[in-house]
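To start, the structure itself, in structure tokens.
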Amino acid sequence: MSSDDLDTVTTLQDPVRRAVYDYVAAQGREVGRNEAAEAVGVQRTLAAFHLDKLVEAGLLEANFRRLTEKTGPGSGRPAKVYRRAPGEWQVSVPARDYRTLALALAETVELIGGDERAEEAARRAGGRLASKGEDLGEVLRRRGYEPYEEGSRVRLRNCPFHVLAEEHPLLVCSMNLEFCRGLLEGIGEDAEGARLDARPGECCVSFSKINDN
Amino acid sequence: MHLAQLNVAHMRAPMDSPELADFMAALEPIYKVSDATPGFVWRLEEGDTPQDLIQHDYGDHLVINLSVWESRDALWDFVYRSAHLGVMQRRREWFLRMAEPYTVMWWIPEGSEPTTAEGMSRLELLKAEGPTPKAFTFKEFYDSNEAAWRPAAAEARK
């Protein structure tokens with residue numbers, strides 16, 4: 001852990017700021033100041049203050065964009081919009097470095113061709129981390145995924161294993177799929193409800209909707 | 001500059017065998033995905049159907065793919081962030097496990113078309129020297145600026 005990471009994370013301590021951050025992150029697209037203010041239920045100026053603090057801390061990225069179709073004179077100046085920044089911050093007290101070890105282990109699994117065993121282990125791990133009857137969305141959020149509905153499927157905005165998946169995509173995405181299938185088994189649903197469904201910038205797995213009531 | 005990529009895979013059985021049937025059937029949909037991926041530029045085609053694999057003299061069981069992309073991100077999104085990921089996940093069913101590098105990338109001038117022979121020699125270079133600006137991988141990637149200046153810088157250090 002670097003002290004910079006700690007500073008960044010403590011930026012989220014303020015409850016309003018945290019709500020603003022959570023809202024922007026959950027949209028997965030650029031969000032304007034008015035929209036954020038309305039969603040969180042605060043004044044526009046307060047929302048703008050927190051949004052800019054979050055940009056300063058590196059948690060959000062700002063951009064300028066016209067929010068209307070109008071162009072030319074009279075269309076107004078472009079609005080400031082925000083989206084989640086791509087970086088990630090870890091705080092561990094006392095300092096721990098599981099990521100480096102995980103990367104070394106992943107490399108080892110690939111060298112010895114142990115992917116199938118790794119996938120089995122991931123599935124068992126998933127099964128242990130969910131209990132019968134739990135809500136899938138809750139279970140996923142607890143593990144760092146950000147589920148959202150799209151048509152008949154539940155997709156995942158965030159990959160909790162991002163750094164590993166960048167270095168060892170085939171191994172980690174395959175393990176992630178089995179981990180998600182394990183979670184489904186843990187809550188007592190059909191494991192085949194999870195499948196690989198990769199698209200740019202998101203987690204590689206999606207689920208068929210199971211609690212459609 | 002554009003990014004060229006060659007990859008090879010060693011089939012477990014002849015291409016017309018039942019073991020390879022799912023792979024052969026996956027070719028057409030996957031080519032559709034690649035050709036529609038933003039940043040896709042070109043791929044080497046042989047014959048009129050997707051099942052016409054690239055002809056070469058490197059062994060009967062070797063499947064070769066050669067394509068050109070605008071950027072690392074474009075190629076990455078196709079390889080790992082599309083339906084192609086699911087096909088790669090099944091590679092063990094169709095292909096032998098490769099202990100040595102089976103994929104290589106290098107930069108080419110825009111508008112030029114790489115050849116299979118060039119790709120195979122880049123792969124040999126990767127095997128012999130490890131990743132360099134002339135032959136590299138996703139994991140040890142060289143951007144096009146580095147590819148241009150690195151050799152000169154290496155000369156200067158001598």
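Chain A is the first sequence line, chain B the second, and so forth, proteins listed ahead of strands; every chain is numbered from 1. Note that this is a predicted model, so its numbers are computed, not measured.
Residue A:C173 touches chain B through its side chain alone, counting heavy-atom pairs closer than 4.5 Å. With a 4.5 Å cut-off on non-hydrogen atoms, A:D197 does not touch chain B at all. With a 4.5 Å cut-off on non-hydrogen atoms, A:L111 touches chain B through its backbone but not through its side chain. For A:C159, no part sits under 4.5 Å from any heavy atom of chain B, backbone or side chain.
More than 12 heavy-atom neighbours from other residues, nucleotides or ligands sit within 6.0 angstrom of CZ on A:R199. Counting non-hydrogen atoms of neighbouring residues, nucleotides and ligands closer than 6.0 angstrom, the CG atom of B:D60 reaches no more than 12 such neighbours. Within a 6.0 Å radius of NZ in B:K127, other residues, nucleotides and ligands contribute more than 12 heavy atoms. Other residues, nucleotides and ligands place no more than 12 heavy atoms under 6.0 Å from the CD atom of A:E116. In the displayed structure, B:Y102 atom OH is contacted under 6.0 Å by at most 12 heavy atoms of other residues, nucleotides or ligands.
Taking a cutoff of 4.0 Å between a charged side-chain nitrogen and a carboxylate oxygen, B:K139 and A:E110 qualify as a salt bridge. Using a 4.0 Å cut-off between a side-chain N of Lys or Arg and a carboxylate O of Asp or Glu, B:R91 and A:D115 qualify as a salt bridge.
Heavy-atom minimum distance, A:A198 versus B:L85: CB-CD2, 3.9 Å. Residues A:C204 and B:R81 share a closest heavy-atom pair of CB-NH2, 3.5 Å. Across all non-hydrogen atoms, the minimal contact from B:W76 to A:P169 is CH2-CG, 3.7 Å.
For B:D73, there are no salt bridge (charged side-chain N to carboxylate O under 4.0 Å, His left out) partners, not counting sequence neighbours.
Within the model, atoms CZ of B:F138 and CD of A:E166 stand 10.0 Å from one another, a figure rounded to the nearest 0.5 Å. Going from atom CZ of B:R97 over to atom CD1 of A:I112 covers 8.5 Å, rounded to the nearest 0.5 Å. Between the CD atom in B:Q89 and the CG atom in A:L170 there is a gap of 8.0 Å [rounded to 0.5 Å].
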